[in-house]
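Below: one structure, written as structure tokens.
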Amino acid sequence: MNIIIVVHTEFGYVSNHEVVYEKSATAGVSEGVPNLVKIADKLHAKITFAVMPEVVKYFPEGIEHEIGLHVHSGWEEFQKGDITFHVGDRYLRDHCDQSLTSTVLRDFPYKEQREMIKTGADYLEDQFGKRPSTFVAGRWSIDTNTVKALVDTGMERDCSAMAQGSFYDFDWSKLPRICMPYHPSEFDYQDKGTIPLLIVPISQMFHAGNVNPEVIPIVGLSWLKACFSEYYKQGMPLFHICLHSPCMTDPYFLAGMDEFLAFISKHKNVNFIFASEVHEYSLVKPFTMLSPYILGMNWKILRLGVGPVRAQLLQRLL
Ligand SMILES: [Zn+2]
């Protein structure tokens, strides 16, 4: 089984076991990145850092992992409790025509999406010496125009798909929960087709939610392990973990990630790869396997119930 770890590399800090996307918290990159690398290197795990152009100057030197592109369009202020923060990318704001302030990428016309992707990829290529070929959309927000823009700008794969999820800013509701990489159709990015871009969906827990250490406070680490076991026991070829770099500045999440990766690496025939090494696998027929989850049942899940857990997970998206 192949494992990929894709990191949305952005500014922020952790407060009350939750990432706050505060632009002045540059340690979200300068410390979050090397902290994760330290954990990963112990296990020879490979990391794909999907980097926002605005954070490039804070990305540590000498990191021998892979660089992808993470695009947050627009510029908006958000409020969470008494915390105010901004979403958007200063570099792209300064270097691209953006007719909207929306932080939902798919709100933008094709031409502007294409310009953001190209400008970001050009800049990362200039700064890191290698052109990124993996893309992650901020707020998981893509549409058919994004797919077209990605192909036009030479991107080879997208890691923004949250199978079954839909919210006002994204829609992945057509994908089955356990969904392996596929080429999208030119008419609908959620249908299979022949577009030369590989959509690599994030692994989803039962009954929903990204496999991401940031959900440990909500569902417990045992639930993430259960999801891995569900995929592993039925021979799924790929397991895709996502996270945001600021969570790796916090000892609680570092310990959780460390334990999760150690658990995964104890299994036979597990192979950590870069996103760029993912390919299309032969047809699989996944099914929901409840036994790992019964074993992984914990007080967090029992207290909240699966439905409210899903609502909490959706609130944490960015
Ligand atoms: Zn992001």
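Fair warning: this is a prediction, and the values are worked out from it, not measured in the lab. Whatever order the structure lists them in is the order used to number ligands and atoms, beginning at 1.
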Check: Would one find an N, O or S atom of H244, in either backbone or side chain, under 2.8 Å from the Zn ion (ligand 1)?
Finding: no
Checklist line | F49 ring center near F59 ring center (under 6.0 Å) | finding: yes
Notebook entry, point to check: Taking the six-membered ring for Trp, are the ring centroids of H86 and Y21 within less than 6.0 Å of each other?
Noted result: no
Next item on the list: Measuring from the Zn ion (ligand 1), name the closest N, O or S atom belonging to E10.
Entry: OE2
Item checked: Whether H72 has an N, O or S atom under 2.8 Å from the Zn ion (ligand 1) -> yes
Next item on the list: Determine which of the N, O or S atoms in H70 is closest to the Zn ion (ligand 1) and give its atom name.
Entry: NE2
Item checked: Closest non-hydrogen atom pair, D107 against L100 -> O-CD1, 3.5 Å
Next item on the list: Kindly confirm or rule out a cation-pi arrangement of K46 over F272, judged by NZ or CZ under 6.0 Å from the six-membered ring centre and within 45° of its axis?
Entry: no
